[in-house]
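Step one of this worksheet: look at the structure below.
Quick note on labels: first sequence line is chain A, next is B, and so on, each numbered from 1.
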Number of protein chains: 2
Amino acid sequence: MQVRQRLENLSSALTATERKLCTALLLDYPYAGLDTIQDLAKKTSTSPPSISRFVTKLGFQGYQDFQRHLIEEIRQSNRSPLDLHVGDRTIQGDFLEDFVSRAVSLISASASATTSAQFERVCALLGDEKRNVYLIGGRISDAIALYVSRHLRQVRSGVFHLPADPEIWPEYLLRMRPKDVLFLVDFRRYQRNLSELARRAKEESGLQIVVLTDKWMSPTANHANEVFATPIESGTVWDSYAGAMVLMEAMLTRIAETNWDKTRKRIEAWDSLRFDHGARDDDQ
Amino acid sequence: MQVRQRLENLSSALTATERKLCTALLLDYPYAGLDTIQDLAKKTSTSPPSISRFVTKLGFQGYQDFQRHLIEEIRQSNRSPLDLHVGDRTIQGDFLEDFVSRAVSLISASASATTSAQFERVCALLGDEKRNVYLIGGRISDAIALYVSRHLRQVRSGVFHLPADPEIWPEYLLRMRPKDVLFLVDFRRYQRNLSELARRAKEESGLQIVVLTDKWMSPTANHANEVFATPIESGTVWDSYAGAMVLMEAMLTRIAETNWDKTRKRIEAWDSLRFDHGARDDDQ
DNA sequence: TTGACTATGAAAAAATAATATCAAAGCTTA
DNA sequence: TAAGCTTTGATATTATTTTTTCATAGTCAA
């Protein structure tokens with residue numbers, strides 16, 4: 001029987017340490033198990049005895065026997081590297097596997113819903129340090145806005161994540177200049193106050209507006225210069241923002257790579273200033 | 001350099017015994033070299049010292065070093081499509097498309113690094129309304145924690161997203177009870193104050209700790225009852241949290257579907273209470 | 001044929017790795 | 001809260017593996 005399967009079979013009867021080991025073994029399967037018992041213990045912050053007991057529990061004679069099995073598995077599956085992956089699949093509970101395949105199609109779809117010209121335009125816009133960037137999202141989608149703003153701040157200055165409270169927005173509205181960019185994330189159930197914000201920002205300062213939304217198009221999109229529309233229907237009770245997330249990661253990567261020299265210096269400077277006890281800075 | 005290549009390079013300068021070894025190694029490459037030195041000696045009718053000398057001659061530190069190299073070669077040759085990208089920084093062809101294919105492999109990998117039993121356990125834990133849930137993440141990964149907490153709050157009560165400022169944490173620490181759950185998101189560059197938080201929370205209230213991290217395992221994981229380890233290497237300048245994100249979405253979906261009746265009622269009640277001008281509530 | 005050299009493996013030594021033991025810590029249950 | 005059970009890693013022990021040492025056998029040139 002595959003080691004992998006034994007892990008799965010036993011996984012309900014594992015102790016905390018054993019679960020840690022199980023996780024580590026699966027994450028870099030099957031190579032993690034080819035380390036010496038000491039190295040593996042160190043990497044997983046457990047101890048050799050625990051590992052020894054664990055593999056016994058899995059039904060092997062000992063650690064070396066366990067390793068021989070792993071090697072044998074590799075050898076067997078070598079004929080087609082795909083075997084390993086196919087093996088992976090069957091082990092997963094249906095739910096996760098199923099969910100992942102849906103997410104994968106969403107992601108592919110959201111990439112193809114974006115033209116590379118548009119993608120490049122937005123990257124250039126957000127990467128342009130002469131423009132301030134203001135970001136905000138809806139109740140849930142603000143997590144994406146936060147993710148983008150935290151990354152963007154590592155690349156450039158002039159990034160402002162608007163607070164949730166609309167009372168404070170005017171303060172930002174007053175600061176916006178025509179060259180600036182307002183980046184809105186708004187998925188369905190759209191929030192009226194966001195499109196209100198977009199309208200007023202456009203009216204008062206005429207800045208560029210970029211909206212990340214779904215195919216039903218948030219009303220915010222009416223005021224937008226650029227719209228990323230990503231599919232979000234996962235066929236489950238929640239919408240999935242995975243497509244949007246990957247699109248944003250692609251965008252952030254593009255921006256950072258385009259200005260890599262500057263980015264690198266900025267991150268280095270940033271690191272040297274980090275409070276090492278790790279107080280996280282607030283997005284103002 | 002590949003072991004194979006080293007063998008070929010040296011093949012003209014080999015003694016009789018060494019040629020025998022060379023043949024045996026190539027005949028069942030690379031697995032023959034994964035035997036113990038004694039077994040290999042027996043199979044090739046040579047002796048351990050000869051083999052030891054031979055691998056030294058090939059340029060390795062010793063037999064174990066030689067084996068490590070072989071394992072690394074196998075690992076390389078079984079690389080997933082994702083890994084193949086690593087290294088070539090400059091993405092040619094369509095940037096987006098390429099990025100997406102990397103993300104897809106990350107997502108599949110993070111699903112296969114999680115056993116369904118573990119997945120179910122964590123879902124049950126976070127879905128259990130008798131337990132309060134506290135969430136927080138690192139500087140960037142807090143976006144994920146935020147995403148999870150916003151969703152979770154639609155499903156159940158007793159969800160608290162900790163603020164970034166550690167000064168305020170004690171207030172939450174005092175509230176934590178043994179049955180509660182602390183959900184931490186911490187990807188590399190780990191933040192010391194998060195593991196400090198985990199340690200103190202564990203010490204003072206003995207609650208359950210669930211950690212979402214990467215394969216290098218945040219120090220936070222030492223205090224954890226459950227660890228989700230997801231791959232994050234995108235082969236670009238930033239790590240990608242897409243795998244983690246999808247895993248979280250799967251989890252949230254699972255939780256919502258399990259308690260669907262309650263969830264539906266909760267969302268309906270929530271909607272009727274919404275300030276329609278859409279002031280977003282703060283995660284306290 | 002001899003002597004100088006190399007190649008080789010048996011045996012011993014060393015290094016390394018794995019497991020058993022045990023005390024302490026953690027968890028459960030009454 | 002205490003007693004009893006389980007889990008855990010430090011330490012000690014044992015087992016295994018690898019390398020060194022060294023004597024012998026083989027090879028080649030003179």
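Using cut-offs of 30° and 60° on the angle between ring planes, the pair B/Tyr134 and B/Phe160 is parallel. Using cut-offs of 30° and 60° for the angle between ring planes, the A/Tyr241 and B/Tyr147 rings count as tilted.
Among B/Lys265, B/Arg264, B/Arg266, the one residue that satisfies the salt bridge (charged side-chain N to carboxylate O under 4.0 Å, His left out) test with B/Glu268 is B/Arg264.
For the OP1/OP2 pair of C/dT8 and a distance below 4.0 Å, the side-chain nitrogens and oxygens of B/Thr17 include at least one atom meeting the criterion. Checking the phosphate oxygens (OP1, OP2) of D/dT16, no side-chain nitrogen or oxygen of B/Gln38 falls inside 4.0 Å.
Note on A/Ala41: nothing from the nucleic acid sits closer than 4.0 angstrom, heavy atoms only. Nucleic acid contact for A/Gln64: sugar-phosphate only, since backbone atoms but no base atoms lie under 4.0 Å from a heavy atom of the residue.
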What do the steps show when you test B/Met248 against B/Met245 for side chain to side chain contact (heavy atoms under 4.5 Å, CB included), and what is the final call? CA-CA 5 Å; B/Met248 289 299 98; B/Met245 176 87 168; 5.8 Å; no
Between B/Ile232 and B/Leu106, does a side chain to side chain contact (heavy atoms under 4.5 Å, CB included) hold up when you go through it step by step? CA-CA 7 Å; B/Ile232 56 171; B/Leu106 277 182; 5.7 Å; no
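A salt bridge links B/Lys262 to B/Glu129: at least one charged side-chain nitrogen sits closer than 4.0 Å to a carboxylate oxygen. Remark: A/Glu72 engages A/Arg75 in a salt bridge, criterion side-chain N to carboxylate O under 4.0 Å. Under a 4.0 Å N-O distance rule, the pair B/Arg4/B/Glu73 does not qualify as a salt bridge.
Rounded to whole angstrom, the span from the OH atom of A/Tyr63 across to the C1' atom of C/dT16 amounts to 14 Å. With rounding to whole Å, B/Ile37 atom CD1 is found 13 Å from C/dT16 atom C1'. Following rounding to the nearest Å, B/Phe66 (CZ) and D/dT19 (P) show an atom-to-atom distance of 11 Å. The separation between A/Arg68 atom CZ and C/dA17 atom P is 16 Å, rounded to whole Å.
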For nucleotides 23-30 of chain C, print each protein N/O atom paired with a nucleotide N/O atom at under 3.5 Å, atom names and distance only.
none

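Of the residues near DNA chain C, B/Thr15 and A/Gln61, the one whose nearest nucleotide (by heavy atom distance) lies more toward the 5' end is B/Thr15.
The B/Arg53 side chain lies nearest to C/dT8 when the options are C/dA18, D/dT18, C/dT8.
DNA chain D is contacted by B/Pro48, B/Pro49 of residues 43-51 of chain B, taking any non-hydrogen atom closer than 4.0 Å. Contacts of residues 119-129 of chain B with DNA chain D (heavy atom under 4.0 Å): none.
For the atom pair OG1 of B/Thr17 and CZ of B/Arg19, the computed distance is 9.0 Å after rounding to the nearest 0.5 Å.
The number of heavy atoms from other shown groups lying within 6.0 Å of NZ (B/Lys57) is above 12. By the 6.0 Å contact criterion, NZ on B/Lys43 is open, its count of non-hydrogen atoms from other residues, nucleotides or ligands being 12 or less.
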